Protein chains: 2
Amino acid sequence: MNNTLDPSFREQLRFVTKNVHWYLGIGDVAEATGVSQSQLRYWEQKGYIESKKENNQNRKYTYGTLIKVFIIKNYMEQGFTLGAAVKKAAAHKETTELIKRFVLDRFEGVETIDGLPAINLGYLDKAKSERLFALIKEDHTDFKIIPTSEA
Amino acid sequence: MNNTLDPSFREQLRFVTKNVHWYLGIGDVAEATGVSQSQLRYWEQKGYIESKKENNQNRKYTYGTLIKVFIIKNYMEQGFTLGAAVKKAAAHKETTELIKRFVLDRFEGVETIDGLPAINLGYLDKAKSERLFALIKEDHTDFKIIPTSEA
DNA sequence: CGTGTAAGGAATTCTGACACG
DNA sequence: CGTGTAAGGAATTCTGACACG
């Protein structure tokens, strides 16, 4: 239908997450995680992490793999062996995906309430009698419920 | 019902977002957005986007810049000039940061409720009488409020 | 204004081997 | 088991210039 940007934040967010498929180079992953390039190649050879090689060229990593590498590294620093760290990291893999799902499902846009930026999270209940907002404050975020009638 | 692992998911998330500072190469940004490398260099020269050059070497871009580039490109495809597209893209810049703030402030972990993955968003009210959860379902996400006493 | 290209140099990544252990 | 390094080649990115417009 449209491959252009809708003015709505929500549509924008969906559009971006759906259409931007990006990868990181091995140097960027090594730099960000503190895990060496030789470690990354070895971990891949053992099947612990994955990379993509589009045209039989350089390795490219997803964001999920970047995080996985970082978590594995930290478990190793806690004393786990490489193999054990990999197993532990796998338990956390689902989290990022769930958060992404939540944001894509519930993010309706950014508004201003009481002079603060407020994330519109849509209807709180199925009866659609109340709307839920997340008010981003200086050092924390509060929820605020607003009856639909007031809108 | 708590699937809490090692350090809590929350701590893990904070730790990761706080400690993993990653960048993308120009080739990765070009590949992901469909904007050519020469365009990216020109846009930077004009001050529309930024890149970092750690050791006076190759350009590195943040995720925010990646998104900005993608949005600019799409506005241009809608007929806006480069300059106009940049201004429009700027209006969306804050969104990603706010969502990140919200997730870091409110994400308490992933649990299981009614057999579904549920994101624990902490107390709904200041009196801490109710907790808010986001239940991730097949094709949408519902909120669920649970009185603290039931916990 | 905005982007592409050819050119030569610089920085990055590749593989397979070998070292250490 | 897990990582580092030296080596030579391949792929990537750099800048400044020039073209088109």
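Letters A, B, ... are given to chains in the order of the sequence lines, protein chains preceding strands, and every chain is numbered from 1. The analysis underlying the following values was restricted to heavy atoms, covering all of them including side chains, and did not include hydrogens, waters or symmetry mates. Computed from a prediction, not measured in an experiment: that's the story for all the values here.
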- A:Leu24: side-chain contact (heavy atoms from CB on, under 4.5 Å) partners, not counting sequence neighbours: A:Trp22, A:Asp28, A:Val29, A:Leu66, B:Trp22, B:Leu24

- Message: Tell me whether the NZ or CZ atom of B:Lys52 lies within the 45° cone about the ring axis of B:Tyr61 and under 6.0 Å from its centre.
- Response: no

- Item | Helical stems, DNA chain C - three or more consecutive Watson-Crick or G-U wobble pairs below 3.5 Å | C:2-5 with D:17-20, C:17-20 with D:2-5

- Gap between atoms CD and C1', on A:Gln57 and C:dT15 respectively (whole Å): 15 Å

- Message: Whole angstroms only, please: what is the CG-P distance between B:Asp28 and C:dT12?
- Response: 14 Å

- Round to the nearest Å and state the distance from B:Gln45 atom CD to D:dG16 atom P. 10 Å

- Message: For a quick test of reading the model: is some side-chain N or O of A:Lys60 closer than 4.0 Å to OP1 or OP2 of C:dT12?
- Response: no

- Quickly work out the A:Asn58 CG to C:dT15 C1' distance and round it to whole Å. 12 Å

- Message: Quick check against the 3.5 Å criterion: does B:Thr17 have a side-chain atom that pairs as donor or acceptor with the backbone of B:Leu13?
- Response: yes

- Item | Steps toward ring pair (Phe, Tyr, Trp, His ring centres under 6.0 Å) verdict (A:Phe15, B:Phe70) | CA-CA 10 Å; A:Phe15 185 73; B:Phe70 187 72; 5.7 Å; yes

- A:Glu77: salt bridge (Lys or Arg N to Asp or Glu O under 4.0 Å) partners, not counting sequence neighbours: A:Lys73

- Taking only residues two or more places apart in sequence or in another chain, which ones pass side-chain contact (heavy atoms from CB on, under 4.5 Å) with A:Lys137? A:Leu116, A:Leu135, A:His140, A:Asp142, B:Lys126

- Using a cut-off of strictly less than 4.0 Å, decide whether A:Arg59 has a side-chain nitrogen or oxygen near OP1 or OP2 of C:dC14. yes

- Does the side-chain contact (heavy atoms from CB on, under 4.5 Å) test come out yes or no for A:Ile145 and B:Asp125, once each step is laid out? CA-CA 9 Å; A:Ile145 297 171; B:Asp125 55 338; over 6 Å; no

- Query: Within this structure, what is the NZ-to-P distance between B:Lys73 and C:dG2, rounded to whole angstrom?
  - Reply: 18 Å

- Between B:Tyr61 and A:Thr81, just flag the one whose closest nucleotide in DNA chain D comes earlier from the 5' side. A:Thr81

- Report the distance from atom CG of B:Leu24 to atom P of D:dT12, rounded to the nearest whole Å. 16 Å

- Counting only non-hydrogen atoms, which of residues 35-44 of chain B are less than 4.0 Å from DNA chain C? B:Ser36, B:Ser38, B:Gln39, B:Tyr42, B:Trp43

- Item | Validation row, ring centre B:Phe107 to ring centre B:Phe102 under 6.0 Å | no

- Item | C:dT15 phosphate, OP1 or OP2, under 4.0 Å from A:Lys53 side-chain N/O | yes

- Query: Taking only residues two or more places apart in sequence or in another chain, which ones pass side-chain contact (heavy atoms from CB on, under 4.5 Å) with A:Ala30?
  - Reply: A:Gln37, A:Leu40

